[in-house]
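This report concerns only the one structure given below.
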Amino acid sequence: ECAAKVRLASQNGSDVIKITATGGVLSQQGRGLEAHFTPAEMKAIADTAHSLGLKVMAHAHGARGIQQAAEAGIDSIEHGTYLDEAAAKAMKASGTVLVPTLMALEGVSEGLGKGVYTPVVEDKIRAVQPLMASLVSRARQYGVTVAFGTDAGVYQHGRNAEELGLMKKQGMTDREVLASATTVAAKVLGMENQIGKLAPGYSADIIAVDGNPLADVTVLEEVDFVMVRGRVIE
């Protein structure tokens, strides 16, 4: 059934396959942060997607769900909150990339105590706050590749660049953070020959800022010029 769902999604024009390998912090149950699929099911999803030329991304918080997803060959882990040594080593071994979405927790944390979330969800948010504060440094300790991503929608649109500064706080250099959002992210999507850098034949997606992001990546939070596929956006 997992393979059939992947084939159906591909038939309907999906560009990537995204699964919930574990439960979520914002889901209403106070349980379920571990694996939602068996190892065989995850492998069926990954193998089928890859045979169709599709990448597989997995929402995953719990360590065993992360580990099983990596061992199944899933391409990236979104969130990765409870990442431990075994899960990180599995990611490194399989080349699975971590997309930490630090800004997602930042955004939802701003709603604590305001009646936005149920008590069950508030408890889960508070439980993961200290874990997310060390996530990137934990992953890099074991050589896991880290890529920029937003989980956009759980905080105000337009704030996604704040993710860059949060990644820097966890030990990445300005150059590494910039690469995570350009060349590394493009490779995660399998589009490294089309986007992610300024080069002949690549999509002319260009921004300009007042400052040097290699000296301070947070200057990218204030964008002064945008070009999309060669067209200047006013």
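It should be emphasised that the depicted structure is a prediction, and the values quoted were computed from it without experimental measurement.
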Tyr117 side, atom OH; Lys124 side, atom NZ - distance, nearest 0.5 Å = 12.0 Å
Student check: side-chain heavy atoms of Glu78 and Pro100 closer than 4.5 Å | no
So does Lys55 have more than 12 non-hydrogen atoms from other groups sitting under 6.0 Å from NZ?
-> yes
Which pair of heavy atoms, one from Arg229 and one from Ser203, lies closest together, and at what distance?
-> CG-OG, 3.4 Å
So, are Lys114 and Glu122 salt-bridged, with charged N and O less than 4.0 Å apart?
-> no
Is Arg138 salt-bridged to Asp84, going by a charged N under 4.0 Å from an acidic O?
-> no
Side-chain heavy atoms of Val177 within contact of Asp174, under 4.5 Å = no
Do Val226 and Leu178 belong to the same hydrophobic cluster, where Ile, Leu, Val, Met, Phe, Trp and Tyr are linked whenever their side-chain heavy atoms lie under 4.5 Å apart, directly or via other members?
-> yes
How far apart are the closest heavy atoms of Val188 and Ser76, and which atoms are they?
-> CG1-CB, 4.2 Å
Val121 to Ser27 - nearest heavy-atom pair and separation = CG2-O, 3.5 Å
Can you hop from Leu52 to Val16 via hydrophobic side chains spaced under 4.5 Å?
-> no
Got Lys5 and Ile45 here, is their nearest side-chain heavy-atom distance under 4.5 Å?
-> no
Atom pair CG (Leu83) and CD (Gln141), whose distance is rounded to the nearest 0.5 Å = 9.5 Å
Heavy atoms, side chains only, cut-off 4.5 Å: are Thr81 and Met132 in contact?
-> yes
Side-chain donor-acceptor pair present, Gln28, Thr118, cut-off under 3.5 Å | yes
Give a yes or no on whether Arg126 atom CZ has more than 12 heavy-atom contacts from other residues, nucleotides or ligands under 6.0 Å away.
-> yes
Under 3.5 Å donor-acceptor, Gln68 side chain and Gly65 backbone | no
Is the side chain of His36 donor-acceptor paired with the backbone N or O of Gly23 at a distance under 3.5 Å, no angle test?
-> yes
Leu102 and Val136: CA distance, side-chain angles, deciding distance, side chain to side chain contact (heavy atoms under 4.5 Å, CB included) verdict | CA-CA 9 Å; Leu102 304 175; Val136 171; 4.0 Å; yes
Does a sphere of radius 6.0 Å around CG in Asp210 hold more than 12 heavy atoms from other residues, nucleotides or ligands, not counting ones at 6.0 Å or beyond?
-> no
Val146 with Val184, same ILVMFWY side-chain cluster at under 4.5 Å = no
Which pair of non-hydrogen atoms, one from Gly149 and one from Glu163, has the smallest distance, and what is that distance?
-> O-CD, 3.6 Å
Step-by-step side chain to side chain contact (heavy atoms under 4.5 Å, CB included) determination, Asn212 to Val219 | CA-CA 7 Å; Asn212 179 5; Val219 299; over 6 Å; no
Is the backbone N or O of Thr150 less than 3.5 Å from a side-chain atom of Tyr155, with the two atoms forming a donor-acceptor pair by type?
-> yes
Are any of the side-chain heavy atoms of Ile125 and Leu105 separated by less than 4.5 Å?
-> yes
Got a sec: does the CG of Asp123 have more than 12 other heavy atoms crowding it under 6.0 Å?
-> yes
Kindly say whether Ala70 contributes a backbone atom to a donor-acceptor pair with the side chain of Ser94 at under 3.5 angstrom?
-> yes
Taking the side chain from Ser51 and the backbone from Thr48, do they hold a donor-acceptor pair closer than 3.5 Å?
-> yes
Just how far is it from atom OG1 of Thr22 to atom CD of Glu34, taken to the nearest 0.5 Å?
-> 7.5 Å
Candidates Val232, Ile207, Val209 - the one meeting side chain to side chain contact (heavy atoms under 4.5 Å, CB included) with Phe225 | Val232
Do Ser134 and Gln170 have a side chain donor and acceptor closer than 3.5 Å?
-> no
State the CE-CD distance between Met91 and Glu71, to the nearest 0.5 angstrom.
-> 12.0 Å
Pair His50-Asp75, side-chain donor/acceptor within less than 3.5 Å | yes
Salt-bridged, Glu110 to Arg159, with N to O below 4.0 Å?
-> yes
Is any side-chain heavy atom of Ile17 closer than 4.5 Å to a side-chain heavy atom of Ile74?
-> no
Intermediate values then yes/no, side-chain hydrogen bond (donor to acceptor under 3.5 Å, both in side chains), Gln129 and Ser109 | CA-CA 8 Å; Gln129 282 175 326; Ser109 293; 2.9 Å; yes
Cluster link Met172 to Leu214, ILVMFWY, side chain under 4.5 Å | yes
Leu98 and Thr145, any side-chain heavy atoms less than 4.5 Å apart = no
Roughly how far, to the nearest 0.5 Å, is the CE atom of Met167 from the CE atom of Met103?
-> 13.5 Å
Going from CG on Asn160 to CD on Glu221, what distance comes out if it is rounded to the nearest 0.5 angstrom?
-> 9.5 Å
When every non-hydrogen atom of Val128 is compared with those of Tyr82, the smallest separation belongs to CG1-OH, 3.6 Å
Heavy-atom side-chain contact between Leu164 and Thr218 under 4.5 Å | no
Near Lys168 NZ, under 6.0 Å, is it more than 12 heavy atoms from other residues, nucleotides or ligands?
-> yes
Shortest non-hydrogen contact between Val217 and Gly165, atoms and distance | CG1-N, 4.5 Å
Anything under 30° is parallel, anything over 60° is perpendicular, the rest tilted; go ahead and classify His61 against His79.
-> parallel
Spell out, yes or no, whether Leu135 and Val144 are grouped together once hydrophobic residues are joined by side-chain heavy atoms under 4.5 Å, including indirect joins.
-> yes
